[in-house]
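Take a look at the structure below.
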Amino acid sequence: MRYRITFIAGLAIGYVLGAKAGRGRYEQIAGTARKIARNPAVQDAASAVGSQVAGAGRAVYGKVEERLPVTSVRDFLARPTREEDEHLDQEAPAAVPPQDSRI
């Protein structure tokens with residue numbers, strides 16, 4: 001609860017200070033952010049980080065696929081859990097011959 005109150009107080013203080021700063025200050029901050037984003041060095045760094053993240057994602061996917069040989073999410077969800085499997089083994093009924101409904 002304390003963190004919520006702190007967050008709401010910070011939000012209120014930020015709103016009041018932002019309102020006092022006005023539209024001009026907002027435009028100044030937004031313009032600076034756009035300049036930084038357009039900088040070629042920043043774009044190169046972002047591209048390098050993006051390719052590293054993609055490579056790491058493929059590596060993680062490969063390792064997970066080795067440990068979980070599941071062809072699809074549907075197959076994974078269709079598998080019974082360990083508890084369900086034990087329960088099914090305990091309650092396996094004996095084969096009941098079909099009854100003739102012509103009686």
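Positions are given from 1, in the same order as the sequence printed here.
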Check for a donor-acceptor pair, side chain of Glu84 on one end and backbone N or O of Thr81 on the other, with a separation under 3.5 Å.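 Pair found, side chain donor or acceptor close to backbone of Thr81.
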
Counting N and O atoms only, with roles assigned by atom type, does the side chain of Ser47 sit under 3.5 Å from a partner on the main chain of Gln43, one being a donor and the other an acceptor? no

With rounding to the nearest 0.5 Å, note down the distance linking CD1 in Ile13 to CD1 in Ile8. 12.0 Å

Ion pair Arg23/Glu27, N-O distance below 4.0 Å: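 Salt bridge between Arg23 and Glu27, a charged N being under 4.0 Å from a carboxylate O: yes.
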
